[in-house]
Amino acid sequence: MTQRMHQYDARMVDLVFDYMRERLQYDPVPLDHPGEGERLSGVLDGLLNARGNDPADVLKLYDHELSRAVISADSPRYLSFIPCAPTKAALLFDMVVSCASLQGISWLEAAGAIAAENQVLRLISDRAGLPESAGGCFVSGGSAGNLSALVVARDTARHRLGLASGARMRIAVSDQTHSSVTNTLNIIGVEKLLVPTSDHRLTGAALRAALAADTDPAPVIGVVGTAGTTNAGIVDDLAGIAEVARELDLWFHVDGAYGGAGLFAPSVRAKYDGIEHADSFVVDPHKWLFAPFDCAALIYRRPWLAKGVHTQDASYLDVLHTGDNEEWNPTDYAYHLTRRARGLPLWFSLAVHGTDAYSEAIETGIGLARDTAALIRAEYPDLEVVRDPELSSVVYRRRGWAAQDYYDWSQRLLADQIGFVTPTGWEGEVVARFAFLHPGTTMEMVREILDTMV
Ligand SMILES: *Cc1c(COP(=O)(O)O)cnc(C)c1O
């Protein structure tokens, strides 16, 4: 039996490859629908039995039932949360990574894969203006990156300040800092200093004022700047924050999970000035750098600090740490051990297409946001742009609508397969929001959606 499972089965290979070939050709990718639990349990019932099933039947069940109960994040009409739009090259190479069981745990085992991943990290570091010594690894997402980085911030400060392990510490954030940072702080036992801002942008002046007014004796050991808030795409005053961080010896973490890709877009690059001073930086290629799930780049200015915190100490791992100068173990730079070489799909796609194609595709999303704001102002008197778009998201309201109107409208829009646009909260009000990113989204699609709101 074991042997049969591991043997090449030409029929099954054809079945699956044919499916993948067809999926890669969907143009446009259909949005599909939310699932119904009862129906899904019905079709899955009895499938996992002792004897197995014909792969054609299982694949058909996946294609006809399961896949249609997953809203396609790579549809150009998916404009909620943060969508994804992997390049074909990246998708194809993701299959290669799977097919070759490609891991990227340690230099000893996977130097070839790690060298390629590090080449991408180098490219991103260079765009950010980080020093030659900067480095890190790919993790599963922004949440994993924020957690791994802020653990290093905590332990580095604890060591520097000679604090006991239970001592209180705080990290400064704004009201738009991503929920994953709040989660991280809960996990690592660090408290928040919530810095009041005007217009939701964290600035050096606001940070300085909050620290000056603060009377809590628990030391503030770091600050999180967001390079592209998830809701409105606001890039914090990174240069101002960096200056305060340098003066006061704060760890400066930049969360660019969504917006970090803007480093590759000339029209907005200046907004990121100051990022070169970051102690740690996260960007999700599975968002706006067109890589498949799940892929986040985590970069440290001084990777050796991360290594001191994250290296796992176990006698059977000693062989990984030979002291060879060249060795770079991605496992040493985050809380993980086993990891797939998830940076390689991006590496392949970057190598094939070149960085100019990326800049152009990212600019497309920025252009869609700008054009949508202009269109709303010019032609839709019932609609109102809430805030000028900074990156690729547009927050807007329908005059006269209450929360329930937005929810009903959003459901109808999806049911009619016109778009997936979920409402969001802004200053206590429910409003509508587009998150652009897919280069296949068109202004005709946007118009079609806006027309349903008048
Ligand atoms: C999406 C996002 C995250 C979380 O990233 P995941 O990849 O979903 O874990 C963190 N911060 C910001 C600003 C984000 O937009």
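Counting convention: from 1, in listed order, for ligands and their atoms alike. Values below: every heavy atom of this structure, side chains too, minus hydrogens, waters and symmetry copies.
Counting atoms of ligand 1 from 1 in the listed order, those under 4.0 Å from a heavy atom of H286 are 7 (O). Those atoms of ligand 1 with a heavy atom of Y258 less than 4.0 angstrom away are 15 (O). Using a 4.0 Å cut-off to heavy atoms of G141, the atoms of ligand 1 that qualify are 7 (O), 9 (O). Near A257, with a cut-off below 4.0 Å to any heavy atom, the atoms of ligand 1 are 2 (C), 3 (C), 10 (C), 11 (N), 12 (C), 14 (C).
Using a 3.5 Å distance cut-off with no hydrogens or angles, the side chains of S174 and T197 do not pair a donor with an acceptor. Using modelled atom types and a 3.5 Å distance limit, the side chains of S98 and R340 yield a donor-acceptor pair. Between the side chains of Q103 and T338, no donor-acceptor pair of N or O atoms lies under 3.5 Å. Side-chain atoms of D74 and H438 form no donor-acceptor pair, as typed in the model, at a separation below 3.5 Å. Residues T184 and N146 bring no donor and acceptor atom of their side chains to less than 3.5 Å of each other.
Atom 4 (C) of ligand 1 has its closest protein heavy atom at H178 CE1, 3.5 Å. Closest to atom 9 (O) of ligand 1, if we only count protein heavy atoms, is S143 OG, 2.6 Å. What sits closest to atom 7 (O) of ligand 1 on the protein, heavy atoms only, is D284 OD2, 2.6 Å. Remark: minimum distance from atom 1 (C) of ligand 1 to any protein heavy atom is reached at K287 NZ, 1.4 Å. Protein heavy atom nearest atom 11 (N) of ligand 1, with residue, atom name and distance: D255 OD2, 2.6 Å. For atom 6 (P) of ligand 1, the closest non-hydrogen atom of the protein is G142 N, 3.3 Å. For atom 15 (O) of ligand 1, the closest non-hydrogen atom on the protein side is T230 OG1, 2.8 Å.
Taking a 4.0 Å cut-off on heavy atoms, S180 registers as neighbouring ligand 1.
W288 and F264 have their aromatic ring centers separated by at least 6.0 angstrom.
Below 30°, between 30° and 60°, or above 60°: for Y78 and F81 the angle between ring planes is between 30° and 60°, a tilted geometry. The aromatic rings of Y396 and F434 lie parallel to each other, their planes meeting at an angle below 30°, with 60° marking the opposite boundary.
By the 3.5 Å distance cut-off applied to N or O atoms, S140 is not counted among the residues near ligand 1.
Evaluated for a salt bridge (Lys or Arg N to Asp or Glu O under 4.0 Å) with E117, the options R122, R339, R342 yield exactly one hit, R339.
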